[in-house]
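This report refers to the structure that appears directly beneath it.
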Amino acid sequence: MAPRNMYYNSINSDDASDVELNISEETAFLLVKGKKFLGMQLECSRALISSLFFFLILILTSSFHLPLGPTSTSNANSNSVKPVTIPRKLGSCPLTFINKDKSSASRIDFRGNDTRDDFGMKKDENLVLCDSFDASEGLRKDIWMPEKSLFGEGNGGFAYYTPDNVEVKDGQLSIFPGLFSDLPPIKTAAGTFSAEDLMTGNCKPFPECATFDISDQNCTYDGFSGCTRIGTPLVTLNPVTSGRITTRDTFHMLYGRLEARVKLPAGDWLWPAFWMAPANPTIYDHWPDSGEFDLLESKGNDPKTYGRSGGGRNLYSSCIHYAGNSWWKTRSMVSATDILNICRNGTVPVEDCDWSLDFFTIGLFWSPERMYAYALRDNNVAGVDFEEEVIIWDVNASTGFGPYDYPMGSKIPPLYNEVGETSLNDNPDVYRSVSPNKNAPFDQPFYIIIDLSVGGEINGCPNPGYWGPDAIWCTHQDSNNPVSSRTAFWNTRDIWYPTWEHAQKEGRGGYTIDWVKAWQ
């Protein structure tokens, strides 16, 4: 595999050191502190190091870091040199065991090369997790736990998570959305009823006939009525089905590098995500105080149809959460036109480019001193193929985290949205009374979550947060006969469901993962 270089999508001026120079065997890069982005790339191939000090490429770009819109990403080197597609899927991951005790000191015993020749730039990092979804038994239960719950997460999502919507086939993991009404007849205490009648409460005797109880069917989360709900005409059950898998009980990670090769789904109101949550979610009090890594969140919507939703499947966002409304500090958005080869080389017109068209690699580097998220982009300079890390956000973890770090403090609207009623949020040195580590709350083990959510009430109508004012469960409410957001969403299925069916026919209907790897 060709060496990897680093390219900055955005740098926060408060996070970059005055001058940081690191010239390695494969890569040299220079970070220069500035109000906006200033970057230089120095790319050296190992074959030329002995005869030539370095090959210099100068990039001068200025971009605004807009938390609520796409960050401008410069196509360094792409104007003069056509990108070269580097072969993917460099073999399977035949693990013989996984990190059962969830200790970062443990190592997975795998048959293969752990020198990062396949992906990555640090030769001293050991591969500790690897799944290329080639197992004959399907989803590996020693790595992944499929969720089964009606809980819509903190976002009030509309999906009923079930293992039936998670499929491993042909070396890939896919999560597909579906309709609750397509489930087979459901047995209740009052008899067996169609899924749609139970979901909408169109049955008798009520409420026994409309009570959906999965508490004795391996329900994985019972909070917020996650295992038992009653469907009514005004407040239906979750109208759609989807999937979610985690490593909560199998693999925890403290520091290292995490990467995944993914392809996102097309379809209105789909919400694919790849993120990490703390193994002990209350170690620093409730969410978001204990931290969260969001490597990727996106929308399945066509951006041409719902322009006020803050983008669609042409963009994905990444950020971290901690005490206070801290996503404002790191939240950045990446455009498919800047990463996907088929868009950069003109195969797909820029206006039609989105993340459902091809696979791409996302990553997180995490140490006590520094954390950054990135996407890999193929490139070629002077005949040398390499993958550059397009850095999405980059923070100096050693300076600490808290609600007053950026910008102007969490008490100022709209920054107060993530401030909980805890003592942490009133303390400028928010974590020092709890932990001696400067990088708290990111000084503890986290686990991986991959899910495909659908819709979500979040802040309620008329502007339900993440989805913006175009949210169809808000725009199609009858003011004279208001119903719940779930019911309104179900009532508009003739509008959004055809987009799911169309995407499925084109092979873009599922959230697909090619592989997941972690190094420490």
Side-chain angles (χ1 to χ4, degrees), residues 92-112 114 125-149 151 153 161-169 171-175 217-223 226-227 242-262 272-283 287 290-296 362-364 366 441-453 511-520:
S92 59
C93 303
L95 310 183
T96 57
F97 71 92
I98 192 166
N99 193 345
K100 290 296 186 183
D101 61 3
K102 298 179 288 293
S103 167
S104 61
S106 298
R107 291 288 180 262
I108 289 179
D109 178 18
F110 71 101
R111 299 184 295 276
D114 67 346
E125 292 176 346
N126 298 305
L127 189 65
V128 295
L129 174 68
C130 190
D131 192 0
S132 53
F133 304 104
D134 294 316
S136 59
E137 67 270 25
L139 185 69
R140 293 192 50 169
K141 299 300 177 61
D142 58 338
I143 300 178
W144 306 103
M145 181 185 75
E147 297 276 4
K148 185 171 186 177
S149 178
F151 171 49
E153 305 157 334
Y161 287 134
T162 169
D164 294 335
N165 290 62
V166 179
E167 179 184 51
V168 172
K169 184 179 179 182
Q172 294 175 341
L173 165 75
S174 294
I175 301 176
Q217 300 176 31
N218 299 315
C219 181
T220 54
Y221 187 80
D222 61 0
C227 295
S242 190
R244 167 178 164 135
I245 61 173
T246 82
T247 65
R248 185 180 62 206
D249 298 330
T250 56
F251 177 80
H252 297 178
M253 181 177 178
L254 175 60
Y255 307 134
R257 188 185 299 273
L258 175 65
E259 291 182 357
R261 186 169 181 248
V262 306
F274 192 108
W275 52 298
M276 299 179 74
N280 181 350
T282 59
I283 189 171
W287 187 92
S290 295
E292 177 180 313
F293 290 104
D294 290 337
L295 277 71
L296 173 149
I362 58 173
L364 168 73
W366 174 23
F442 302 103
D443 60 342
Q444 55 170 318
F446 280 65
Y447 65 93
I448 302 168
I449 303 171
I450 305 173
D451 62 34
L452 179 58
S453 185
Y511 179 18
T512 307
I513 317 295
D514 193 19
W515 50 254
V516 177
K517 300 180 183 182
W519 296 264
Q520 289 180 322

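Since we're looking at a predicted model, the values are computed, not measured.
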Review point. Could you go step by step and tell me if Met145 and Thr250 meet the side-chain contact (heavy atoms from CB on, under 4.5 Å) rule?
Key: CA-CA 8 Å; Met145 181 185 75; Thr250 56; 5.9 Å; no
Practice item. Test Leu173 against Val166 for side-chain contact (heavy atoms from CB on, under 4.5 Å), laying out the working first. Key: CA-CA 7 Å; Leu173 165 75; Val166 179; 3.4 Å; yes
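The CD atom of Gln172 sits 9.5 Å away from atom CG of Asp134, with the distance rounded to the nearest 0.5 Å. In this structure, Phe446 CZ and Arg248 CZ are separated by 15.5 Å, a value rounded to the nearest 0.5 Å. The distance from the CD atom of Glu292 to the CG atom of Asp294 is 4.0 Å, given to the nearest 0.5 Å. Between the CG atom in Leu296 and the CD1 atom in Ile450 there is a gap of 10.5 Å [rounded to 0.5 Å]. From Ile143, atom CD1 reaches atom CD1 of Ile448 across 9.5 Å, with rounding to the nearest 0.5 Å. Atom-to-atom distance recorded for Arg257:CZ and Lys517:NZ is 13.0 Å, nearest 0.5 angstrom.
Residue Leu295 comes nearest to Gly363 through the heavy atom pair CD2-C, 4.1 Å, listed as atom of the first residue, atom of the second, then distance. Here the shortest heavy-atom pairing between Cys219 and Gly226 reads SG-O, 3.6 Å. Among all heavy-atom pairs drawn from Ile245 and Pro146, the shortest one is CG2-CA, 3.9 Å.
Checking each of Asp131, Asp249, Thr247 against Trp144 for a side chain to side chain donor-acceptor pair (under 3.5 Å) leaves exactly one that passes, namely Asp131.
At least one side-chain heavy atom of Ile175 sits less than 4.5 Å from a side-chain heavy atom of Ser242. Looking at Tyr511 and Ser174, their side chains never come closer than 4.5 Å, going by heavy atoms from C-beta outward. By the 4.5 Å heavy-atom criterion applied to side chains, Lys148 and Cys227 are not counted as neighbours. Proximity of Leu258 to Val516: side-chain heavy atoms (C-beta onward) are separated by under 4.5 Å at one or more points. Between Phe151 and Asp222, the closest side-chain pair of non-hydrogen atoms is not below 4.5 Å. Side-chain atoms of Leu364 and Met276, non-hydrogen and from C-beta on, do get closer than 4.5 Å to each other. Using a 4.5 Å cut-off on side-chain heavy atoms (C-beta onward), Asn165 and Leu452 make no contact. When side chains are defined from C-beta on, Ser290 counts as touching Gln444, because their heavy atoms get closer than 4.5 Å.
Taking the ring-ring contact (aromatic ring centres under 6.0 Å, His included) definition, one finds that Trp275 meets it with nothing, sequence neighbours left out.
No side-chain donor from either of Tyr221 and Glu153 sits under 3.5 Å from a side-chain acceptor of the other.
By the 6.0 Å contact criterion, CG on Asn280 is enclosed, its count of non-hydrogen atoms from other residues, nucleotides or ligands being greater than 12.
Ring geometry for Tyr447 versus His252: interplanar angle of 30 to 60°, hence tilted.
The backbone N or O of Leu254 lies less than 3.5 Å from a partner atom in the side chain of Gln520, making a donor-acceptor pair.
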